[in-house]
Amino acid sequence: MIKFLWDRLMYNNNMKKTFYSHFIEIDAIIIELERMELSEDEKKHLIGIIHSNLHQAILDTILSELSKEDKKIFLVNLSLDNHIKIWEHLKNKIENVEKKVENTAEKLKMEFHKDINWVRKK
Amino acid sequence: MITKNKSHYEHLKTKWINKHKKLQKKLWNKHKDVLSFLSDSSKQLALGSVGGLMLLTSPVAANISSQQIVNTQSLAQNVDKSVFLISDLSHVLPDKVRPLTFSEEDVLVQTLTRHFGIRITPELQDKRLNRSYGYIGAEQHLARFPGDNMYAHFDNSYDSQKYWPSGMAPGLGGWGYFAKSQLEFSEKDKMREKYYIAVQTFLSEGFNNRVKEYMDFYKYRKMLLVNPNNGKAIVTDIADSGPAEWTGKHLGGSPEVMNYLERFDGAQKGPVLYFFIDDPDDKIPLGPINVQ
């Protein structure tokens, strides 16, 4: 248990923060992967793939709610990695944007859990 | 047990990569309208968040701007491998361009070794550079043999047109000419100059006490350079020392290296990762290298 918590802390310390990191996390999935006795490399790789998937889905959710001009503004803010500006803009343009992002993430996370459970039963 | 766990990993990896491809295709299809804008703006934007823009790498943008009809599926496939590299790197790299911690280097070395299938290390034969993540500046062409000049420097008019403006350095590289004469000038020498970098050899720990040993070690030493913003990577060799610390840059790339990595000097300068390649049998060719 202590080793697991330390590993997770070390992993999180090495991860770059995205603009939604403050409320979207995958700790529960990491716990599931820890239980599978994968190598550190394999775990890190799978976690990276999960993050990439989440990012794609969240970008799609956000872009789908924006006009063409607002998409450009959002992408420029994203490229500058200005989280404050990103959220100022999104909250102004999309109703309940955080809830929508959260719903997208939760849906995808459930799919990952399902996949892990299926593999573990094999 | 090992076989079973290995297959768990492989199964999840395959399934989640396929999921990623579908999400990516969906994203491309729905939001093509902003891609032209970003491809036109990519060089002007300060790309501070690679993870955030992981889809819209320069190679992809270049594909879009150069093609009239976009094949979304082939674009998605072409983007896939470098997207994962960019994403993997972005999760580890710090927000600021600074020397990496040992822990960060360790993860990055594992990541790059996995993606490129070559042995990479920040320390070789007990020697390491002062850093492995820093700003790259532009270098000039180097005289490859006595009498080499800009007119003799290129193989074709395209290269001449593209790389002539960089000019030739007034002095020689850190180890002098690459060949003693034009007669002895080989393909290997040509590649060494074409894909050379200059690194701050003089800032290596222990350098001042064992100068010859360090200079012998660094001479044409192969290094993997990676632009974390677009996932482009190139096998280079060390052929010069520099730049000076006061420049604010940490290494320099030949015109061909800078062009391939899509890195620029001056106000638009950007960082690269750079690690030694452990290649004792000299099997890994100099030049661009793709994610496996």
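A, B, ... follow the sequence lines: proteins, then strands. Residue 1 opens every chain. Just so it is clear, the model here is predicted, and its values are computed rather than measured.
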*Under 4.5 Å heavy-atom distance to chain B, tell me which part of A:Ser39 shows up: side chain, backbone, both or neither.*
neither
*Above 12 or not: heavy atoms from other molecules or residues under 6.0 Å from CZ of A:Phe23?*
yes
_Counting only heavy atoms from other residues, nucleotides and ligands, does the tally under 6.0 Å from CD of B:Glu205 exceed 12?_
no
*asked:* Check for me whether B:Lys19 meets the cation-pi criterion with A:Phe112, that is, NZ or CZ under 6.0 Å from the six-membered ring centre and within 45 degrees of the ring axis.
replied: yes
_Short side-chain donor-acceptor distance under 3.5 Å, B:Lys13 and A:His45_ = no
*What part of A:Leu108 is in contact with chain B, defined as an atom under 4.5 angstrom from a non-hydrogen atom: side chain, backbone, both or neither?*
side chain
*Taking atom NZ of A:Lys85 as the centre, report whether more than 12 heavy atoms of other residues, nucleotides or ligands fall under 6.0 Å from it.*
no
*Measuring heavy-atom distances to chain A, does B:Lys30 have an atom under 4.5 Å in its side chain, in its backbone, in both, or in neither?*
both
_Inter-residue atom distance A:Asp41.CG - B:Thr111.OG1, 0.5 Å rounding_ = 7.5 Å
*Crowded around B:Arg119 CZ? As in, over 12 foreign heavy atoms under 6.0 Å?*
no
*asked:* At a 4.5 Å cut-off on heavy atoms, which part of A:Leu33 comes close to chain B: side chain, backbone, both, or neither?
replied: side chain
_Can you tell me if A:Asn117 has over 12 outside heavy atoms packed within less than 6.0 Å of its CG?_
yes
*asked:* With a 3.5 Å distance limit and no angle check, can you tell me whether A:Asn53 reaches the backbone of B:His20 through a side-chain donor-acceptor pair?
replied: yes
*Reported NZ-to-CG distance for the pair B:Lys15 and A:Leu46, which is rounded to 0.5 angstrom*: 13.5 Å
*Please round to the nearest 0.5 Å and tell me the distance separating atom CH2 of A:Trp118 and atom NE2 of B:His8.*
9.0 Å
*Atom pair OG/NE2 of B:Ser90 and A:His55 - distance to nearest 0.5 Å*: 7.5 Å
*Yes or no on side-chain contact (heavy atoms from CB on, under 4.5 Å) for A:Asp60 and B:Leu23, after CA distance, side-chain angles and deciding distance?*
CA-CA 8 Å; A:Asp60 180 38; B:Leu23 285 170; over 6 Å; no
*A:Lys100 atom NZ, neighbour heavy-atom count above 12 within 6.0 Å*: yes
*Any chance you could measure B:Ile86, atom CD1, to A:Ser52, atom OG, to the nearest 0.5 Å?*
10.0 Å
*Steps toward side-chain contact (heavy atoms from CB on, under 4.5 Å) verdict (A:Met36, B:Leu12)*: CA-CA 12 Å; A:Met36 293 176 73; B:Leu12 290 174; 3.8 Å; yes
_Assess, by modelled atom type and distance only, whether the side chains of A:Asp115 and B:His11 contain a donor and an acceptor separated by less than 3.5 Å._
no
_For the CD1 atom of A:Ile49 and the CH2 atom of B:Trp16, what is their distance to the nearest 0.5 Å?_
8.0 Å
